[in-house]
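Throughout, a chain's letter reflects where its sequence line sits, starting with A, and its residues are numbered from 1. Fair warning: this is a prediction, and the values are worked out from it, not measured in the lab. Just so it is clear, the values below take in all heavy atoms, side chains as well, and ignore hydrogens, waters and symmetry mates.
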Amino acid sequence: MNYWLMKSEPDVFGIDDLKRVKKEPWDGVRNYQARNFMRDEMKKGDLVLFYHSNSKPAGIAGLMEISKESHPDHTCWDKKSKYYDPKSTKENPRWFMVEVKYKKKFKEILSLETIKNTKALSTMKIVQKGNRLSITPVTKKEFDYVLKLAES
DNA sequence: GCCAACGTTGGC
DNA sequence: GCCAACGTTGGC
């Protein structure tokens, strides 16, 4: 089992939205590294930290689970979508997505500031300089510590 | 809204 | 394959 962190802007789609709809396809990822994680490494049942970016405060807002493994992201074939990509064909899809399922909303956001100030979490990709990747792997150690902090 | 730090594109 | 120009991300 693997652990992950996925970013989203709560103004667009946040933990409360996920709680309401229960399940959501994680479409619109247009970065090759992030795509590869979804396509090649994410397995059903993997647990995912839901990170709110561009918000106050920015930080980890809750927990979700991979409910469906990777399949082509259909929004790249939709000319009206802002994620439309003419170079992606049905025969050779370029972009993939997974589906996530709501698990839990933390009582309080575990803020980026707290994460930065927590030594045990200093290895997280999210606090490393220059990492803007919207999907990053998380170690079990980091994951357990995040849950512990969020529950306390 | 600013801007640093990236990633992507495309001409050569 | 290089790299300038451009676009995006995301904290502040």
Side-chain angles (χ1 to χ4, degrees), chain A residues 2-21 24-42 46-66 69-100 102-139 141-143 145-150 152:
Chain A
N2 290 315
Y3 301 93
W4 306 94
L5 179 145
M6 291 163 93
K7 296 180 188 173
S8 177
E9 301 189 22
D11 288 349
V12 180
F13 187 84
I15 190 78
D16 290 324
D17 298 303
L18 183 61
K19 187 175 183 180
R20 183 160 38 78
V21 299
E24 179 76 0
W26 207 263
D27 59 18
V29 173
R30 296 291 180 270
N31 171 283
Y32 288 102
Q33 250 184 296
R35 177 205 67 183
N36 292 347
F37 284 138
M38 288 200 288
R39 190 190 58 189
D40 306 332
E41 297 190 43
M42 280 188 175
D46 281 1
L47 294 174
V48 185
L49 301 171
F50 193 148
Y51 181 90
H52 281 182
S53 62
N54 260 323
S55 67
K56 287 182 180 176
I60 300 169
L63 187 62
M64 50 194 180
E65 179 185 327
I66 304 295
E69 287 177 22
S70 88
H71 45 292
D73 179 346
H74 55 81
T75 61
C76 63
W77 298 317
D78 178 2
K79 280 191 178 154
K80 281 172 288 182
S81 170
K82 67 178 208 174
Y83 301 122
Y84 176 64
D85 180 356
K87 288 177 186 159
S88 180
T89 62
K90 299 231 175 185
E91 296 72 33
N92 188 19
R94 174 181 285 201
W95 303 112
F96 290 80
M97 63 186 182
V98 295
E99 183 192 77
V100 294
Y102 173 80
K103 289 281 277 184
K104 181 186 285 188
K105 178 185 176 179
F106 294 159
K107 286 204 179 64
E108 224 175 293
I109 285 196
L110 181 60
S111 71
L112 182 62
E113 194 189 358
T114 305
I115 296 169
K116 281 180 176 165
N117 291 331
T118 304
K119 206 167 172 219
L121 299 180
S122 63
T123 51
M124 290 192 77
K125 295 270 190 298
I126 198 115
V127 292
Q128 277 155 34
K129 193 180 164 143
N131 200 321
R132 300 178 316 169
L133 210 55
S134 66
I135 300 177
T136 51
V138 172
T139 67
K141 227 178 217 176
E142 291 160 355
F143 182 85
Y145 206 91
V146 164
L147 281 203
K148 201 176 90 181
L149 275 188
S152 65

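- Applying the side chain to side chain contact (heavy atoms under 4.5 Å, CB included) rule to A/Lys141 yields the partners A/Thr139; only residues at least two apart in sequence or on another chain are considered.
- Partners of A/Lys103 under the side chain to side chain contact (heavy atoms under 4.5 Å, CB included) rule, at least two apart in sequence or in another chain, are A/Leu47, A/Leu63, A/Glu65.
- Contact of the A/Arg30 side chain with the A/Asp73 side chain is registered, since non-hydrogen atoms from C-beta on lie closer than 4.5 Å.
- Under the rule for a salt bridge (charged side-chain N to carboxylate O under 4.0 Å, His left out), the partners of A/Lys105 that lie at least two apart in sequence or sit in another chain are A/Asp16.
- Taking A/Ser81 as the reference, nothing meets the side chain to side chain donor-acceptor pair (under 3.5 Å) condition, with sequence neighbours excluded.
- A/Ser122 is linked by a side chain to side chain donor-acceptor pair (under 3.5 Å) to nothing, counting only residues two or more places apart in sequence or in another chain.
- Taking atom CG of residue A/Asn31 and atom P of nucleotide C/dT9, one finds them 9 Å apart after rounding to whole Å.
- The side chain to side chain donor-acceptor pair (under 3.5 Å) search around A/Ser134 returns none, not counting sequence neighbours.
- DNA chain B is contacted by no residue of residues 10-17 of chain A, taking any non-hydrogen atom closer than 4.0 Å.
- Contact check of residues 109-124 of chain A against DNA chain C (heavy atom, cut-off under 4.0 Å) returns A/Leu112, A/Lys116.
- Between A/Asn54 and A/Lys129, the one whose closest nucleotide on DNA chain B sits nearer the 5' end is A/Asn54.
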Cut-off 3.5 Å, no hydrogens considered: what does the side-chain donor-acceptor table look like for residues 88-98 of chain A, sequence neighbours left out?
residue : atom : partner : partner atom : Å
A/Ser88 : OG   : A/Arg94 : N            : 2.9
A/Thr89 : OG1  : A/Asn92 : N            : 2.9
A/Arg94 : NH1  : A/Tyr32 : OH           : 3.1
A/Trp95 : NE1  : A/Asp85 : OD2          : 2.8

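- Listed pair A/Lys7 / C/dG10 meets the phosphate criterion, a side-chain N or O lying under 4.0 Å from OP1 or OP2.
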Atom pairs and distances, donor-acceptor, side-chain atoms in residues 106-115 of chain A, under 3.5 Å, two or more places apart:
residue  : atom : partner  : partner atom : Å
A/Ser111 : OG   : A/Thr114 : N            : 3.1
A/Ser111 : OG   : A/Thr114 : OG1          : 2.9

Protein and nucleotides 4-8 of chain C: nitrogen or oxygen contacts under 3.5 angstrom:
residue : atom : partner  : partner atom : Å
C/dT8   : O2   : A/Arg132 : NH1          : 2.7

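- Not a single side chain to side chain donor-acceptor pair (under 3.5 Å) links A/Asp27 to another residue, sequence neighbours left out.
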